[in-house]
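The structure appears right after this line, and notes come after that.
Convention: sequence-line order gives letters A, B, ...; per-chain numbering from 1.
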Amino acid sequence: GPLSERPLMEVRLGELHTWASTCSFSAQGLLGAVQRAWGSYCAKYIHVKQGGPAGISMLLAGYCLLSYGWNYQHFSKASYLRNS
Amino acid sequence: VLHTTRPLHTTQQSLAPVPPLPEKGGEVRHGLIPEEFFQFLYPKTGVTGPYMLGTGLLLYLLSKEIYVVNHETAAAACILTVIVYAIKKFGPNVAAFADKLNEEKMASALAMKNDTIQTLQTAIEEEKKEQWRAEGRSYLFDAKRNNIAMLLEANYRERLLTVYNEVKKRLDYQVALQNLKRQKEQDHMIQWVEKNVVQSITPQQQKESIAKCILDLKALSKSAHATV
């Protein structure tokens, strides 16, 4: 089908830059994209009859990584200065 | 709680009952990495590809000090061990409990639905029975008509009797009146005649009649003596 209508997982690597040119980078477009991504994640891993620990654990792992990334300066500065 | 993240009625002709939830969620390996990642790398690197990628990445992060090992690493390791152990041990119990809750909700909803269906069935049967009863209304009206006719007849006969009695009373009165009048006339005439007769008897006539009576009596006594 048309490039912009397909979900991101079905876009080939070679077509990635054309796909990036078609999607709208306005605030509304970005908000819509975030909402759709969150909705698809929920529908796949959380709103099921027999979900396991996978749904929340992936969110927690993502949060851990993000927080490590935000505090990286603090971590690297502490290790260098402690010198133990 | 309304999950606004799940789109409802997105198409023009939306299905009236919302489709049921899928049974199982997306496959996730080791609780963290979705299965799609392994499938994505399988054609190029086979089965061990993602694991080699993971190990290489980890060693790279550690050696380049992109991930520094400090006291928080030990804390994270302990916490992760405890969490994994807890999930492995109590996971099935919690799942069974949640399933039981769900089952109860479904059972109550189903029971409500069945009860409603049952009440509606009985209502239908009652209605049919009422319709059958309504067919007999001709008999009911006939009986009522008969009753009313009987009442009218009884009333009519009662009044007839009253009329007859009243008329008889008046006629009897007239008859009694005439009888009384005749009686009174008779009595009055008799009295009047007697009074006149008594008045007409003068003393002279009275003496003559007494003497005649004595003579008659003597004759009679003579004849009586003769017979005895």
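- Heavy-atom minimum distance, B:Pro34 versus A:Tyr45: CB-OH, 3.3 Å.
- With a 6.0 Å radius and a threshold of 12 heavy atoms from other residues, nucleotides or ligands, B:Tyr51 has its OH atom above the threshold.
- In this structure, CG on B:Leu21 lies 8.0 Å from NE2 on A:His47, to the nearest 0.5 angstrom.
- Counting non-hydrogen atoms of other residues, nucleotides and ligands closer than 6.0 Å to CD of B:Gln199 gives a total above 12.
- A salt bridge links A:Lys44 with B:Glu36; the closest basic N to acidic carboxylate O contact falls under 4.0 Å.
- With a threshold of 4.5 angstrom between heavy atoms, A:Gln35 does not approach chain B through any atom at all.
- Contact of B:Phe40 with chain A is not made at all, since no heavy-atom distance falls under 4.5 Å.
- Interface with chain A: from residues 79-103 of chain B, residues B:Ile87, B:Asp99 qualify, criterion being any non-hydrogen pair under 4.5 Å.
- Within a 6.0 Å sphere centred on CD of B:Glu104, other residues, nucleotides and ligands contribute more than 12 heavy atoms.
- In this structure, A:Ile56 places its CD1 atom where only 12 or fewer heavy-atom neighbours from other residues, nucleotides or ligands lie under 6.0 Å away.
- A distance-only check finds a donor-acceptor pair linking the side chain of A:Ser57 to the backbone of B:Gly31 [under 3.5 Å].
- Here the NZ-CD distance, from A:Lys49 to B:Glu23, works out to 4.5 Å after rounding to the nearest 0.5 Å.
- What you find for A:Tyr68 and B:Tyr67 is that their closest heavy atoms are OH-CA, 3.1 Å.
- Two residues are said to be in side-chain contact when any heavy atoms from C-beta on lie closer than 4.5 Å; A:Met58 and B:Val28 meet this criterion.
- In the displayed structure, B:Gln118 atom CD is contacted under 6.0 Å by at most 12 heavy atoms of other residues, nucleotides or ligands.
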